[in-house]
Amino acid sequence: MESYSYFCSTRIEMGNGISRKLPQLLESLEIGSSVLLVSDPGVIQAGLVTPIQHDLEAYGYRVSVFDSVAQNPRFAHCVEGARQFQDFTADAVIAVGGGSAMDTAKAIALCGKNGGTPTDYADGKRTYENVAPLICVPTTAGTGSEVTRSSVITEATTHRKITLKHEVLRPVLAVLDPELTFTVPSSVTAATGVDALVHAIEGYTCKKTNPISQALGASAMKKVVSSLPLAYEDGRNKEARFHMLEGSLLAGLCFGSSDVGAVHCLAEALGGLYDTPHGVANAVFLPYVLKFNAEENKKMHADIARYMLFAKDDDKDEVAVEKLIEEIENFTRKLDIPKLKDLLDVQEKDFPRLVELAVQNGSTSSNVRKITAQDYQEILERAYNQV
């Protein structure tokens, strides 16, 4: 028996309409009286930020809004947000949005309080400490960043996705209100939902997993597979939206104390080079990485096929694995997730660079099966040619 640990310091509050109680929830946290509210233009235009801002101000908080958040968090935006945090003399950071807003907010809470840039911390030049209190209010069901210790930021000059990872980056409070996800477009619902599924699968299977992460991941897989098609078809399906946000949360708790694997390594390489939405990038590689990993880990992958009800309990492991690959492909197809070749910017001449970025990713070593540059190259070719 190997030793393991599991830790999550985030207080979690979930329920329909719970975001309207945010000021009252903040009272016990003693976070100060000035907050930087981090979001993105789409969430603001959807009308989700203004009510929260007004509620906070009515409760006596000083609020400054930072909305320079891109679909893949940018180094420059993190630095800009940290400067605004300092100029406003903010005490805390509140993120309202998807994974990009929450990851940007984590970098702002870190750099705004301590100085430096995201690269300084990722490269070990500065110490993770004294982070400003962070509160996350997710508006998509996918990233799970509201309970994780990580933030992934894109360096524009190198196309490298750098990962900030430390326990101090965990939000002090996560407020999950399914009603805030009702207006998410179907394409975003699909992409972020598959992202949550990948978090659950890789958090369950990776080398750094543990029994607690696996229990959370198994539950997340069941919820996402059963609820995502319903939320995709009807964005105002209250039950489906509730279970999707819950599934995303469980998936975040799953991988947040273990790790991810090769799907994410390739997806982050694709996102860094082409700015591909993270959920879409995960979806295009998922079947091919699963097939690669399952060749040496049939029992584990047969188990996850059964959790997702793609296979029956009495199916032999080989049969269950075949059903897993087939049904994952069907699952993403029904969500209208594009294939790798359909992503207009992707070119075969860039494959060596994508492989290089994937190999450099810190999660490559966590993949359940040892994976080399040649393996990444072959997976890219299979995904591109849909083999």
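Any value given below was found using the heavy atoms of this structure, including those in side chains, with hydrogens, waters and symmetry copies removed. Small disclaimer: the values here were computed from a predicted structure and weren't measured.
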Please report the closest heavy-atom contact between [X] and [Y], naming both atoms and the distance.
X	Y	value
Ala302	Asp317	CB-OD1, 3.5 Å
Ala251	Ala196	CB-O, 3.3 Å
Tyr128	Ala122	OH-N, 4.1 Å
Leu48	Leu180	CD1-O, 3.5 Å
Val260	Ser363	CG2-OG, 3.5 Å
Glu80	Ser68	OE2-OG, 3.6 Å

Going hydrophobic residue to hydrophobic residue with side-chain gaps under 4.5 angstrom, can you get from [X] over to [Y]?
X	Y	result
Leu290	Leu335	yes
Leu36	Ile31	no
Val152	Leu110	no
Phe88	Val63	no
Val284	Tyr384	yes

Measuring from atom [atom1] of [X] to atom [atom2] of [Y], what distance do you get when rounded to the nearest 0.5 angstrom?
X	Y	atom1	atom2	answer
Tyr204	Asn210	OH	CG	11.5 Å
Arg62	Ser33	CZ	OG	7.0 Å
Lys125	Thr119	NZ	OG1	8.0 Å
Thr143	Met102	OG1	CE	5.0 Å
Thr10	Leu173	OG1	CG	8.5 Å
Glu327	Leu324	CD	CG	9.0 Å

Is there a side-chain contact between [X] and [Y] (heavy atoms, below 4.5 Å)?
X	Y	value
Leu164	Lys106	no
His278	Glu268	yes
Leu380	Phe285	yes
Val263	Tyr288	no
Gln24	Tyr59	yes
Leu169	Tyr121	no
Phe351	Tyr376	no
Pro118	Ile162	yes

Are [X] and [Y] close enough that a side-chain donor and a side-chain acceptor fall under 3.5 Å?
X	Y	result
Ser9	Glu167	no
Asp55	Tyr61	no
Asp177	Asn16	no
Gln53	Glu57	yes
Asp336	Tyr232	yes
Thr372	Asp375	yes
Asn72	Thr154	no

- Test side chain to side chain contact (heavy atoms under 4.5 Å, CB included) applied to Leu56 and Leu26, step by step: CA-CA 10 Å; Leu56 289 168; Leu26 295 179; 3.7 Å; yes
[X]/[Y] ion pair, N-O < 4.0 Å:
X	Y	result
Glu179	Arg20	yes
Lys165	Asp259	yes
Glu295	Arg369	yes
Arg353	Glu356	yes
Lys323	Glu326	no
Glu378	Arg382	yes

Keeping the roles fixed (side chain from [X], backbone from [Y]), state whether a donor-acceptor pair exists under 3.5 Å.
X	Y	answer
Asp120	Gly116	no
Ser258	Gly203	yes
Asn297	Asn293	yes
Gln84	Val65	yes
Arg170	Val147	yes
Glu202	Gly261	yes

- Message: Please determine whether ring-ring contact (aromatic ring centres under 6.0 Å, His included) holds for the pair Phe66 and Phe85, giving the CA-CA distance in whole Å, both sets of side-chain angles, and the decisive distance to 0.1 Å.
- Response: CA-CA 9 Å; Phe66 177 79; Phe85 176 96; over 10 Å; no
Just wondering, are more than 12 heavy atoms of other shown residues or ligands nearer than 6.0 Å to [atom1] in [X]?
X	atom1	result
Glu129	CD	yes
Glu318	CD	yes
Lys207	NZ	yes

- Task: Tell me, with the steps shown, if Ser213 and Phe255 meet side chain to side chain contact (heavy atoms under 4.5 Å, CB included).
- Result: CA-CA 7 Å; Ser213 287; Phe255 89 92; over 6 Å; no
- Do Arg241 and Phe182 meet the cation-pi criteria used here (NZ or CZ under 6.0 Å from the six-membered ring centre, within 45° of the axis)? no
- Message: Apply salt bridge (charged side-chain N to carboxylate O under 4.0 Å, His left out) to residues Lys299 and Asp303 and explain how you reach the verdict.
- Response: CA-CA 6 Å; Lys299 175 64 169 66; Asp303 285 342; 2.9 Å; yes
- Pairing residues for Arg160 by the side chain to side chain donor-acceptor pair (under 3.5 Å) criterion, not counting sequence neighbours: Glu155
- Task: Decide side chain to side chain contact (heavy atoms under 4.5 Å, CB included) for Leu273 and Asp350; before the verdict, give the C-alpha distance in whole Å, the side-chain angles of both, and the deciding distance to 0.1 Å.
- Result: CA-CA 9 Å; Leu273 198 58; Asp350 293 331; 3.9 Å; yes
- Message: Does Lys223 form a side chain to side chain contact (heavy atoms under 4.5 Å, CB included) with Met244? I'd like the steps, not just the answer.
- Response: CA-CA 7 Å; Lys223 288 182 181 293; Met244 270 308 303; over 6 Å; no
- Query: Out of Thr104, Val79, Asp275, which one pairs with Arg74 under the side-chain contact (heavy atoms from CB on, under 4.5 Å) rule?
  - Reply: Asp275
